[in-house]
Amino acid sequence: MFDIDSYFRDFVDKEEIFQDRDVLRPEFIPKLLPHRDLQIQKIAEIVACTLKNSMPSNIFLFGKTGTGKTAVVNYVSKHLNLQCREFGMTESKWIFLNCQQVNTGYRILAKICGEIDPSDPVPIAGWPIDVVFDKLIDKINQQVQGNCFIVLDEIDVLVKNARKKSQDTLYNLVRINSRLKTAKVNIIGISNVLNFKSELDPRVISSLGEEEIVFPAYNAVEIKDILEQRAEKAFAPQALDPEVIPLCAALAAKEHGDARKALDLLRKAGELAERRNAKVVTPQYVYFAQDNMENDKMKEYCEALPLQSKTILLSIYQMERHLQQEAVITGDVYNAYTEITEMIPGMNRLTQRRVSELIRELDLSGMVNARVKSNGRYGRTKFIKLNIPLSDTRKYLNSESRFADLIEYRPICLREKTTNLSGKKYRKLM
DNA sequence: GATCCACAGGAAATTAAGGGTC
DNA sequence: GACCCTTAATTTCCTGTGGATC
C-alpha cells in the first residue's frame, strides 16, 4: 500500500532539482524581458504621457501565442506605477481581462465594474446592458482618479463569439471618455490573430487601433536566452544537463517560436526527473515531457468533451475502425451517431447541421482531421480522419461509462454498405 | 456547358436557463 | 408572479460550392 506520509517526508528530504519552479510558470514576470526591448520602448513611449496627466492613445498588440505580449504589458504597467509612486502621483488603474474567459460584452462590463468596486458587483446576468454600462460610468467617476487601462487579452475571441453586441460594447468602451468627469480610460487590445482587424467594425478600428505594435515570434537563440534566464533561478546548481536548454529551445522554435511552450517543456522535464529521483535533468526527460504533454493534452481534452461531442468522436472511431482504408464522410458519421444516440437512454439527437459544426470543433482541437473535398456528382463533404491512434482514442472513450457497451458496436449503416440520408439510400462514395 | 449531389456554412430564429425588477 | 434581460446551444432556412457526369 502506498504510504503517503513517508512519501511526503522523503519528498522534503531528498536532494532538490528545483530552487523555485514557479519561475517557469507563465504568470511569473521576470525583472528583465529578453528580446522585447523594442516593444517595451514603444509601449512606454505611448503611455509615458500619463506621467504628465495626459491621456495616451489606445493600443493594439498583435503576435502569435507565447511571444510575450501580455508579459510586456504587465511589465510596463508595473514600471509605470513605480514611477507614479516616485513622483507622488496617483497610480494608474490596470484591469486585465482575458476574453477567452470573459467572452461577452455584458460580462466584460460586469467584470470591469467588479474590478473597480468589488463590494458592489454586477450580477452575472439579468440587467439590460445599457444599465450595466451606466453603472460602469458611475463607478469610474466615483472611484477612479487619473488613468484606467483596460487590457483585453485575446480580443479576437470576443469579436468572433457574438459579433454585433460585443462590437457595440467595444465601441462604447472606446468612446467612454466622453461621459467621464475626471478619469480617463485607455484600451489595450491584444490579439493572436494578425488579420483580426479586418473583422472589426470600422468605428471600433478608428478609435481602438490608434497605435499598433507587432510582436514577432522568438527564434531558437532568443528562446534559449529566455530559458537560461529563468533556469538560473528555477533549478538548483548542476541540476540541468547543458544540452537540455538548447533542446527545449529548438523544439519550441520549431512550433512557431512559443516561449510559453518552451518554459512548460522545461518545467515538465524537471518535474519528471524529480519524480524519478534523478539528480540531473537530461535531454531524455525533455523527450519524455514532450510526449507526456501531448498525451495529457489530448486525454484531458477528450475527457472534458460534452457527451454529444464524445458521441460524435465515438462514431468517427467506429467508422474508421471498421472501414479501415475507406474514407469516412460527414453523412456516414451522422448515420452512426444517430444509431448510437438511440442506444443511450435519455440522450437527444442533434441535427446534421449541428453535428457538422461539432466535427469542425474536433478538427480545430486537433483530435480529428476534417477536410472539405468535392467528389464530383457524388457531392461535396468533409473527409474525416482521426488524428490520434485508434488505440488511444479507444482508451479515452472508455472513460465514459455510458459507452461501456458501445465501443465494440458495429453500426448498421456500415453493414449495409450504403449511406442513408433523408429517407433515401445512396451508395458509399468510396 | 448544364446538371447534379451531398453537404458546408452563414444568418436568423427559437429554446432554455439563469438572473433581475417591479 | 409576470415580465424583462442576457447568454449559450441548437434548429431552421437558405445559398453556395466543386468537380464528376451527362
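Chain identifiers are assigned alphabetically (A, B, ...) following the order of the sequence lines, protein sequences preceding nucleic acid strands; residue numbering begins at 1 within each chain.
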Can you confirm if the NZ or CZ of A:Lys299 lies within 45° of the ring axis of A:Tyr396 and under 6.0 Å from the centre of its six-membered ring? no
Can you see whether A:Tyr218 has A:Arg36 sitting over its ring - NZ or CZ less than 6.0 Å from the centre and within 45° of the normal? yes
In whole angstrom, give the distance that lies between atom [atom1] of [X] and atom [atom2] of [N].
X	N	atom1	atom2	value
A:Glu361	B:dA8	CD	P	14 Å
A:Gln352	B:dG10	CD	C1'	17 Å
A:Tyr378	C:dA20	OH	P	11 Å
A:Gln308	C:dA8	CD	P	19 Å
A:Asp130	B:dT21	CG	C1'	14 Å
A:Leu307	C:dT10	CG	P	11 Å
A:Asn348	C:dT11	CG	C1'	12 Å
A:Glu357	B:dC7	CD	C1'	14 Å

Which nucleotide wins on minimum distance to the side chain of [X], given the candidates [options]?
X	options	value
A:Ser374	C:dT10, C:dG19, B:dC7	C:dG19
A:Ile129	C:dT11, C:dG19, C:dT6	C:dT6
A:Arg353	C:dC13, C:dT7, B:dC7	C:dC13
A:Arg107	B:dG9, C:dT10, C:dT7	C:dT7
A:Trp127	C:dT10, B:dT21, C:dT7	B:dT21
A:Arg380	C:dT17, C:dG19, B:dG10	C:dT17
A:Lys382	C:dG19, C:dT7, B:dA8	B:dA8

Considering every strand and a 4.0 Å limit on heavy-atom distances, what is the contact class for A:Arg371: base, sugar-phosphate, or nothing?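 The residue A:Arg371 makes no contact with any strand.
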Please tell me whether A:Tyr287 and A:Tyr285 form a close aromatic pair, meaning their ring centres lie under 6.0 Å apart. no
If only atom types and distance count, is the side chain of A:Ser356 paired as donor or acceptor with the main-chain N or O of A:Gln352 below 3.5 Å?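 No; judged by distance alone, with no hydrogens or angles, the pair does not exist.
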Would you say the side chain of A:Arg377 and the base of C:dG18 hold a donor-acceptor pair, judged only by whether the two atoms sit under 3.5 Å apart?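 Side chain to base: no pair below 3.5 Å.
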Ignoring hydrogens and geometry beyond distance, is the side chain of A:Arg360 in donor-acceptor contact with the base of B:dG9 at under 3.5 Å? no
Mutual orientation of the aromatic rings belonging to A:Tyr75 and A:His79 [parallel < 30°, tilted 30-60°, perpendicular > 60°]: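 Rings of A:Tyr75 and A:His79: tilted, 30 to 60°.
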Closer than 4.0 Å, any side-chain N/O of A:Thr104 to the OP1 or OP2 of C:dT7?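 Checking C:dT7 against A:Thr104, a side-chain N or O does come within under 4.0 Å of OP1 or OP2.
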